[in-house]
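Bear in mind the structure is a predicted one, so any value in this text is a computation, not a measurement. Every number for a ligand or one of its atoms is a count from 1 in the order of the listing.
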Amino acid sequence: MKILMVGSGGREHALIKKLLESPKCEKIYCAPGNGGISKDAECINIGAMDIEGMVKFAKDGAVDLVFVAPDDPLAAGMVDAMENAGIRAFGPRANAAIIEASKVFSKNLMKKYGIPTAKYEVFDDPQKAIEYIESENTTPVVVKADGLALGKGVIIAQTIDEAKAAVKSIMEDKQFGDSGNNIVIEEFLTGPEVSVLAFTDGNVVKPMVSSKDHKRAFDNDEGLNTGGMGTVSPNPYYTDEIAKECYDTIFLPTINAMKAEGRPFKGCLYFGLMITPNGPKVIEYNARFGDPEAQVVLPRLKTDLVDICEAIIDEKLDSVDVEWYDGAAACVVMASGGYPVAYKKGIEITGLDENGSVDGAIVYHAGTKLDGDRFLTNGGRVLGVTAKADTLDEALKKAYSAVKKINFDGAHFRTDIGRTK
Ligand code: AMP
Ligand code: GLY
C-alpha cells in the first residue's frame, strides 16, 4: 500500500514509524513532513491545510490510504474531500471533527446525553458573560474560546477581574480571532488529568493504553501551557476500575451520542479526562491523536496499525483484536529556548546519528529541518525523545539518558516528566 500522512510533527513521525512496521506498507509519503521524518518517509511539499493539493497528490499518486493527523484539516473537511474523490482516508469527517473544533458543540453534546463534564454556560455577548461571572462570584473560573486556538484558548482565571479580562480579550479584542465569537464559562475542576485515545469506527470504541501529558512549560507545572512537554504511558492514576467507569459513562456514551446526532465519529477520538473527587469527567475531546501522547501510546501498540485503520474505514473494528505491549513508555520533549512564546529557528542539533536518532531511544522529530546532513531546529517543540521499558522508572531513565546525548543552543526540556506529586 501507498500511504500519505498529512502533518509535520512528532505525532506524525510516531504514526509513520508505526505504519512502517506493517508488512502492507510499501511506500509512505508525508505532507509536508520535516527533516527527521524525511529519513522515514518521502516528504512532499504540500501544506497540511491545502485540501485541493492533497487530494490531487493522492489521486495522481494512486495513494491507497490517507491519514489525516492534525485538527485543522480534519475540521476543514479533508477526509470528506478525500472520500468524495474516492480515496480512502483515516479520520473523522468535518461534521464529527466538530467535537474538537467547537467547545460549544461538545459541551452541549455532553449535557444532552448526560456525559460527565464541568458545569458551564455559553455566551455570545461579552456583557452577559461578565454579568454571569459577577453573579456566580466563584474562583477559579475557566473561560474558553469556542473554536480551535492552537491549544491556547483556555484561561483559568484566579480572580473575578482576571475572568472579566479574559472575556474582553477573547470576545472583544479577538485574541484568538473568530474562535472567540462564542465562549464557554465553566466550573473549575480538580484532580489528576488522564489522556485516553480510542479507536472507533462510529459503532465500536476500543480505548488505547492510557497516557499522561505534561502541558506546562516548566518543572512543577509552572509557566505557560504548551502543546505538551512530555508524556508517559500508562498513566499511574488510571486504574482498571476508573477505566471501566470511563468506558461505561464516557467513551461508549460519546460514540453513541455522535451516532445519534447523525455525526458518526470514525478515527481516533481523544478523551481529555480529569479524575475528580466526584468521578471522571471530560475536560475536552480532540478529534485526533494527541501530540505527544501518540509518541508514548503507539510504541506500545502490538497490532498492525494499517489493519486497524482499514477496519475503522470499513466499520469493522469489532473484528480486530487490538493488542498492546506490557510495560511503559516515556517521552521527553526537547523544545527551543523561549517556547511557547518567541524562539529562534535554524540552530544546529548535535548528538543525533545520520538518521536523526540516538542509541537506546526512539527520537521523534517535531520541528527539525535538514541542511545537508545536519539537523537544524525548525519549531517550538523540536524532538520527542522516547523510550520503552518494563517499568516507567526505567523508561524515564532511558529517555533522559538519551536527552543528555543531544544538544542545541537554548534547548529546554522538563526534568520532571512522569513524576507524580
Ligand atoms: P483544554 O484545551 O480544554 O485541554 O484545556 C487546557 C488545560 O486547561 C487542561 O488540560 C486542564 O489542565 C485545564 N482545564 C481546562 N478546563 C478545566 C476545568 N474545567 N477545570 C480545571 N482545569 C481545566
Ligand atoms: N497533548 C495534547 C493535545 O494533543 O491536544
Side-chain angles (χ1 to χ4, degrees), residues 7 9-12 14-15 69-72 74-75 97 99-107 110 116-121 136 138-158 163 166 170 176 179-180 183-198 208 210-217 221-233 235 237 268-278 280-298 331-333 335 340 364 366 380-381 384 414 417:
R11 164 186 57 204
E12 287 76 5
L15 285 162
D71 49 1
D72 294 323
L74 289 167
I99 199 167
E100 168 170 11
S102 167
K103 289 188 192 298
V104 172
F105 172 85
S106 65
K107 294 297 290 189
M110 288 185 270
T117 188
K119 280 205 267 328
Y120 72 100
E121 291 294 333
E136 288 287 297
T138 47
T139 54
V141 56
V142 185
V143 182
K144 298 186 173 184
D146 175 37
L148 297 175
L150 295 170
K152 294 178 189 138
V154 173
I155 295 166
I156 300 185
Q158 301 297 335
I170 297 176
F176 308 111
S179 289
I183 59 166
V184 172
I185 297 183
E186 72 178 27
E187 170 197 20
F188 177 77
L189 298 176
T190 56
E193 284 183 62
V194 180
S195 305
V196 180
L197 316 179
M208 304 184 211
S210 64
S211 54
K212 176 175 171 56
D213 187 12
H214 296 263
K215 286 197 171 126
R216 300 295 196 100
D221 290 334
E222 283 168 17
L224 293 172
N225 251 327
T226 70
M229 291 299 294
T231 37
V232 295
S233 173
N235 186 313
Y237 294 103
C268 169
L269 183 52
Y270 168 129
F271 297 89
L273 307 170
M274 195 173 266
I275 313 302
T276 77
N278 299 317
K281 294 191 180 183
V282 177
I283 292 284
E284 63 161 348
Y285 294 112
N286 292 324
R288 51 174 175 83
F289 278 84
D291 186 341
E293 283 88 344
Q295 288 89 314
V296 287
V297 169
L298 289 168
C331 171
V332 178
V333 170
Y364 297 121
R381 291 188 292 177
R414 279 182 60 163
I417 300 304

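A salt bridge between Glu293 and Arg11 is absent, with no side-chain N of the basic residue lying under 4.0 Å from a carboxylate O of the acidic one. Between Arg288 and Glu12, none of the side-chain N atoms (NZ, or NE/NH1/NH2) sits under 4.0 Å from a carboxylate O, so this pair counts as no salt bridge. By the 4.0 Å N-to-carboxylate-O rule, Arg216 lies too far from Glu222 to be salt-bridged with it.
Residue Gly227 has at least one nitrogen or oxygen atom sitting less than 3.5 Å from a nitrogen or oxygen atom of ligand 2, judged on distance alone. The shortest N or O to N or O distance between Asn225 and ligand 1 is not below 3.5 Å. Considering backbone and side-chain atoms alike, Ile156 places every N or O at 3.5 Å or more from each N or O of ligand 1.
Rounded to the nearest 0.5 Å, atoms CD (Glu187) and CD (Glu136) are 10.0 Å apart. Atom CG in Leu197 sits 4.5 Å away from atom SG in Cys268 (nearest 0.5 Å).
With a heavy-atom cut-off of 4.0 Å, Glu187 touches ligand 1 through its backbone alone. At a 4.0 Å heavy-atom cut-off, ligand 2 does not touch Arg11 at all. No part of Thr231 comes within 4.0 Å of ligand 2, judged by heavy-atom distances.
Counting the atoms of ligand 2 from 1 in the order shown, those under 4.0 Å from a heavy atom of Glu293 are 1 (N), 2 (C), 4 (O). Annotation for ligand 1: atoms under 4.0 Å from non-hydrogen atoms of Glu186 are 16 (N), 17 (C), 18 (C), 19 (N). Taking every heavy atom of Phe188 and a limit of under 4.0 angstrom, the matching atoms of ligand 1 come to 20 (N), 21 (C). Applying the 4.0 Å criterion to heavy atoms of Asp213 picks out, from ligand 2, the atoms 1 (N), 2 (C). Less than 4.0 angstrom separates some heavy atom of Tyr270 from each of these atoms of ligand 2: 2 (C).
Considering Val154, Asp221, Ile283, Asp213 only, the shortest heavy-atom separation from atom 17 (C) of ligand 1 involves Ile283. Taking all heavy atoms of Lys215, Arg288, Glu284, Gln295 into account, the minimum distance to atom 3 (C) of ligand 2 is reached by Arg288.
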Point to revise | Steps toward side chain to side chain contact (heavy atoms under 4.5 Å, CB included) verdict (Val296, Val232) | key: CA-CA 6 Å; Val296 287; Val232 295; 5.7 Å; no
Next on the checklist: Checking Arg381 against Asp291 for the side chain to side chain contact (heavy atoms under 4.5 Å, CB included) test, could you report, in this order, the C-alpha distance in whole Å, the side-chain angles of both residues, the deciding distance, and whether it holds?
Outcome noted: CA-CA 10 Å; Arg381 291 188 292 177; Asp291 186 341; 3.7 Å; yes
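Ligand 2 has Gly290 within reach: a non-hydrogen atom of the residue lies less than 4.0 Å from it.
For Tyr270 and Phe289, the ring centers are positioned 6.0 Å apart or more.
With no hydrogens or angles considered, a side-chain donor-acceptor pair links Ser102 and Asp146 at under 3.5 Å.
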